[in-house]
Q: 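Here it is, the structure in full.
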Amino acid sequence: MKKFFIIPAVVFAISLSSCGSGNDTKSTAENTVTEESTDAVTETVPGIENVNLSNTWTVEGNDQMKFDTELIRVKAGEPVEITLKNVGTMPKEAMGHNFVVLRAGVDLPTFGAEATGAADSEYIPKSSLSSIVAHTKLLGPGEEDKITFTVEKGVYDFICSFPGHYGVMKGKIVAE
């Protein structure tokens with residue numbers, strides 16, 4: 001009598017596990033296709049279609065730790081000119097701002113942590129210079145600085161590297 005109970009229980013368990021296995025295989029196959037198609041397409045940034053294409057930009061930083069521009073659209077392979085203006089009133093030591101364009105793939109928290117310890121170089125870490133495309137100097141109230149650089153097609157993060165600012169003072173440059 002026990003055999004009649006155990007055999008159906010084993011068959012039921014095997015059928016359940018094989019159903020789960022079939023779902024896992026399908027899921028893996030779908031993930032693989034998605035990853036391949038993502039790699040083949042240039043990263044899309046939501047809202048970039050509403051941004052004018054220009055290689056000359058002026059960005060303002062304020063005392064609320066905000067850039068007035070979070071998306072910049074440029075033509076790849078041509079010089080890009082960005083002017084940063086600090087429109088705040090707080091002293092540079094308390095609320096200085098810079099504009100740092102990072103290479104694709106740079107980890108923002110890691111870079112931000114390194115920048116925090118780089119007060120002597122205006123929060124541009126010498127150990128991470130290879131991660132930077134271009135940067136302005138650190139600006140106090142009413143100051144401005146201009147940078148010119150060229151980027152290839154892709155998406156680049158930009159931040160203010162003053163301690164604590166990179167988490168909210170950031171944006172993207174999309175080079176087409």
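What's counted below: heavy atoms across the whole structure, side chains too, no hydrogens, waters or symmetry copies.
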Q: Using side-chain heavy atoms (C-beta onward) and a distance below 4.5 Å, is L139 in contact with L84?
A: yes

Q: Within a strict 4.5 Å, meaning less than it, do heavy atoms of the Y166 and V100 side chains meet?
A: no

Q: Do D63 and T89 have a side chain donor and acceptor closer than 3.5 Å?
A: yes

Q: Can V174 be reached from V101 by stepping across I, L, V, M, F, W or Y side chains whose heavy atoms are under 4.5 Å apart?
A: yes

Q: State, with a plain yes or no, whether a side-chain heavy atom of I173 is found less than 4.5 Å away from one of I82.
A: yes

Q: To the nearest 0.5 Å, what is the distance between NE2 (H97) and NZ (K66)?
A: 11.5 Å

Q: Do you know the tightest heavy-atom contact between V74 and S54?
A: CG1-O, 3.3 Å

Q: Find out whether L129 and I124 are in side-chain contact, i.e. whether some heavy atom of one side chain is under 4.5 Å from a heavy atom of the other.
A: yes

Q: Between G88 and P141, what is the shortest heavy-atom contact and its length?
A: O-CB, 3.1 Å

Q: Kindly give the heavy-atom pair with the smallest separation between A175 and V151, and that separation in Å.
A: CB-CG2, 3.7 Å

Q: Hey, mind stepping through E144 and N86 against side chain to side chain contact (heavy atoms under 4.5 Å, CB included) and telling me if it holds?
A: CA-CA 6 Å; E144 67 179 65; N86 184 342; over 6 Å; no

Q: Would you say V155 and V106 are hydrophobically clustered, going by side-chain heavy atoms of ILVMFWY under 4.5 Å?
A: no

Q: Kindly give the heavy-atom pair with the smallest separation between K92 and G140, and that separation in Å.
A: CB-CA, 3.7 Å

Q: Grouping I, L, V, M, F, W and Y whenever their side-chain heavy atoms are under 4.5 Å apart, do V87 and M65 come out in a common cluster?
A: no

Q: Under 4.5 Å between any side-chain heavy atoms of I72 and V59, yes or no?
A: yes

Q: Which heavy atom in K75 sits nearest to a heavy atom in L53, and how many Å separate them?
A: N-CD1, 3.6 Å

Q: So do D145 and T83 actually touch side chain to side chain, heavy atoms under 4.5 Å?
A: no

Q: Less than 4.5 Å apart, side chain to side chain, heavy atoms only: is that true for P125 and F111?
A: yes

Q: To which residues is L138 joined in a hydrophobic cluster, defined by side-chain heavy-atom contacts under 4.5 Å among Ile, Leu, Val, Met, Phe, Trp and Tyr, whether direct or through other members?
A: Y123, F162

Q: Just verifying a value: how many Å separate E152 CD and R103 CZ, rounded to the nearest 0.5 Å?
A: 10.5 Å

Q: How long is the gap from CZ on F67 to NE2 on H165, to the nearest 0.5 Å?
A: 9.5 Å

Q: Run the salt bridge (Lys or Arg N to Asp or Glu O under 4.0 Å) test against E70 and tell me which residues pass, sequence neighbours left out.
A: none

Q: Side chains of T136 and N98: do they bring a donor and an acceptor to under 3.5 Å?
A: no

Q: Quick one, D157 with K172, criterion salt bridge (charged side-chain N to carboxylate O under 4.0 Å, His left out). Give me CA distance, side-chain angles, the key distance, then yes/no.
A: CA-CA 5 Å; D157 288 310; K172 295 193 179 293; 2.7 Å; yes

Q: Could you check if a side-chain atom of I132 sits within less than 4.5 angstrom of a side-chain atom of L102, using non-hydrogen atoms only?
A: yes

Q: Does atom CG (N52) have a neighbourhood of more than 12 heavy atoms from anything else shown, all under 6.0 Å?
A: no

Q: Excluding sequence neighbours, so at least two apart, what forms salt bridge (Lys or Arg N to Asp or Glu O under 4.0 Å) with K146?
A: E81

Q: Answer yes if the ring centres of F99 and F158 are under 6.0 angstrom apart, and no otherwise.
A: yes

Q: Do the side chains of M169 and W57 join up, straight or via other hydrophobic residues, at under 4.5 Å, putting them in one cluster?
A: yes

Q: Return the minimal non-hydrogen interatomic distance between G77 and T150, and the atom names on each side.
A: C-CG2, 3.5 Å

Q: May I ask whether L71 and V168 are part of the same hydrophobic cluster, defined by side-chain heavy atoms of I, L, V, M, F, W, Y residues being less than 4.5 angstrom apart, directly or through others?
A: yes

Q: What's the spacing between S121 OG and H135 NE2 if we round to 0.5 Å?
A: 8.5 Å

Q: Does the pair K153/E176 count as a salt bridge with the N-to-O cut at 4.0 Å?
A: no

Q: What's the spacing between K126 NZ and E114 CD if we round to 0.5 Å?
A: 14.0 Å

